[in-house]
Enquirer: 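This is the structure I want to talk about, given as structure tokens.
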Number of protein chains: 2
Amino acid sequence: MAVKDSHTEQQIKDAARKLFFTEGRFKATTQEIADAAGVNRTLVNYYFRSRDLLFDQILQEARTTMDLRLEMAMSAETDFKKKIEHFIDIFMEQSFTYPYLDIYMVTRINEDVERQNQIITDLKKTERLKNFLRDIDTEIKKGTIEKIDPVQFLMNLMSLLSHPVVIQPLFKKLFNYSDKQYRQMMIARKEIILKMLFK
Amino acid sequence: MAVKDSHTEQQIKDAARKLFFTEGRFKATTQEIADAAGVNRTLVNYYFRSRDLLFDQILQEARTTMDLRLEMAMSAETDFKKKIEHFIDIFMEQSFTYPYLDIYMVTRINEDVERQNQIITDLKKTERLKNFLRDIDTEIKKGTIEKIDPVQFLMNLMSLLSHPVVIQPLFKKLFNYSDKQYRQMMIARKEIILKMLFK
DNA sequence: CCTTTGTTTGACAAATTTGTCAAACTTTAT
DNA sequence: ATAAAGTTTGACAAATTTGTCAAACAAAGG
């Protein structure tokens, strides 16, 4: 028992991440998380003190991980279009595993307008983001992409990538798409998005 | 008293709509709704029997209204690009008043995978939607827009419109945008979206 | 073997939220 | 004016959920 149970903490976090960010079950209770992790409910309190602290922790970690991955992907390339391609790959992969990360954050922001939690208040324009905007500006001056507010360019990129994943359950119902069909459509999007941004 | 209170039911629905679809407070309790409506909490049960029935009702109504508005806007025009322009106008207007309508539906779908509620199960490809897809196809054949899967075209349109509104709270924190700045950016998007779709 | 430390459990208390009910109150129609 | 129907209220019960605690248990070191 002891050997396996030594990573109880990790099991709980994994279960919570899956419920929240992957399945979008924002109302999941500590009991549901514990069940999904296959552990006793009070262990959530033992390891994380409270439900909200657990949420904050996995949110924090997810953000840090994502930031690092994008940082790596972007800095590896010198060509702007290649950078964007890399960005799309990483972001899309992330979106498949954690489709609800962003809107979870949004609902948390809205949840409680006054008593804002630390992690969300800490959201700041990162160095990476600033660099990215600067890159876009450079490309416009070079003429690689058409004249556009860099913020709008970024907004377009994120929208085209993120929204289809968020809206997936609705869309599947509307169009009677299977999981497989949906995934294929998403994969086909990469080329489409590139065309829209650069053509 | 009596005259004013005769539309208690309406007041409750208005308050719920605002909390859910406008402010994205998905966890709002009956007490909060009642407070926002300025009425006694038990009146929610009196008029709607249960919390969930109230939610279902306003969701149903919102969908019907939106459908009708789009129907009108789209059928009024013969020119495809004009149709899209109209669509953008209506959809954007809707998004300003009910930015969280879509993701509320998504979270409701995810909430409870087995016991699916009626309204959400009822989601079907509407006549309007089918016509729209057919229109897109026609335009491709005419050469007005580049060759693309009509579903992908629709997905692009919806993404470019919807996502910025959904992500608004996150975005405002990241870029330190005021409400006014954000709105201006959104308004500027109309032209940008048209360019991306048709150029 | 025994102690110390860390982990797990069930029982319990507290807080939150929902829904019901009878009584009070209003309005409308007779 | 009175009855009937509809509306509003506070009190109550039930359900759900969270967090605490002491006791049980397991592992590791002396």
Side-chain angles (χ1 to χ4, degrees), chain A residues 1-20 23-59 104 107-108 110-119, chain B residues 1-20 23-59 104 107-108 110-119:
Chain A
M1 280 287 152
V3 180
K4 172 186 138 242
D5 285 356
S6 71
H7 33 37
T8 300
E9 186 173 349
Q10 199 57 40
Q11 284 174 279
I12 294 172
K13 288 204 284 188
D14 289 346
R17 260 192 296 266
K18 193 171 171 229
L19 284 170
F20 277 80
E23 299 176 15
R25 318 252 349 267
F26 297 165
K27 279 194 193 161
T29 63
T30 48
Q31 185 65 67
E32 287 177 287
I33 296 166
D35 287 351
V39 303
N40 186 291
R41 182 179 63 82
T42 47
L43 288 176
V44 173
N45 291 308
Y46 178 72
Y47 285 108
F48 303 95
R49 306 203 37 173
S50 84
R51 187 180 175 269
D52 280 351
L53 285 175
L54 164 60
F55 297 168
D56 287 353
Q57 190 170 325
I58 57 176
L59 189 58
Y104 172 76
T107 58
R108 291 266 350 234
N110 293 336
E111 207 163 276
D112 189 7
V113 183
E114 49 266 23
R115 198 197 313 165
Q116 283 299 345
N117 96 31
Q118 192 61 10
I119 291 145
Chain B
M1 280 286 155
V3 182
K4 169 184 141 245
D5 285 355
S6 70
H7 32 37
T8 299
E9 187 172 350
Q10 200 56 41
Q11 283 175 278
I12 294 172
K13 288 205 283 187
D14 289 346
R17 260 193 293 267
K18 194 173 169 223
L19 282 170
F20 277 79
E23 299 176 13
R25 315 253 351 263
F26 296 165
K27 282 193 193 160
T29 64
T30 47
Q31 186 64 68
E32 287 176 289
I33 297 166
D35 288 350
V39 303
N40 187 292
R41 182 178 64 81
T42 47
L43 289 176
V44 173
N45 291 309
Y46 179 73
Y47 284 107
F48 303 95
R49 305 202 38 172
S50 82
R51 187 179 175 269
D52 280 351
L53 285 175
L54 164 61
F55 296 168
D56 288 353
Q57 191 170 324
I58 58 176
L59 189 58
Y104 173 76
T107 58
R108 291 265 352 232
N110 293 337
E111 207 162 276
D112 191 8
V113 182
E114 49 264 25
R115 197 196 315 165
Q116 282 300 346
N117 97 30
Q118 192 62 8
I119 291 146

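All values below were derived from every heavy atom in this structure, side-chain atoms included, with hydrogens, water molecules and symmetry-related copies excluded.
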Enquirer: What is the separation between atom CG on B:Leu43 and atom P on D:dT8, rounded to the nearest whole Å?
Expert: 5 Å
Enquirer: Less than 6.0 Å separating the ring centroids of B:Phe26 and A:Phe26?
Expert: no
Enquirer: List the residues meeting salt bridge (Lys or Arg N to Asp or Glu O under 4.0 Å) with B:Asp14, not counting sequence neighbours, and say none if there are none.
Expert: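 For B:Asp14, the residues satisfying salt bridge (Lys or Arg N to Asp or Glu O under 4.0 Å) (neighbours in sequence not counted) are B:Arg17.
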Enquirer: Ignoring backbone atoms, test whether B:Thr8 places a side-chain nitrogen or oxygen under 4.0 Å from the OP1 or OP2 oxygen of D:dT7.
Expert: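 For D:dT7, OP1/OP2 do not have a side-chain N/O of B:Thr8 under 4.0 Å.
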Enquirer: Evaluate the criterion side-chain contact (heavy atoms from CB on, under 4.5 Å) for residue pair A:Phe48 and A:Glu9; output intermediate values, then yes/no.
Expert: CA-CA 8 Å; A:Phe48 303 95; A:Glu9 186 173 349; 3.6 Å; yes
Enquirer: Can B:Thr42 and B:Asn40 be counted as having a side-chain donor-acceptor contact under 3.5 angstrom?
Expert: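 A donor-acceptor contact under 3.5 Å links the two side chains.
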Enquirer: Output one letter per nucleotide in nucleotides 10-25 of chain D: B when a protein non-hydrogen atom lies under 4.0 Å from the base, S when only the sugar-phosphate is that close, - when neither is.
Expert: BB-----SBBB-----
Enquirer: Please name all residues satisfying side-chain contact (heavy atoms from CB on, under 4.5 Å) with B:Arg41, sequence neighbours left out, ordered by chain then number.
Expert: B:Thr30, B:Gln31, B:Ala34, B:Asn45
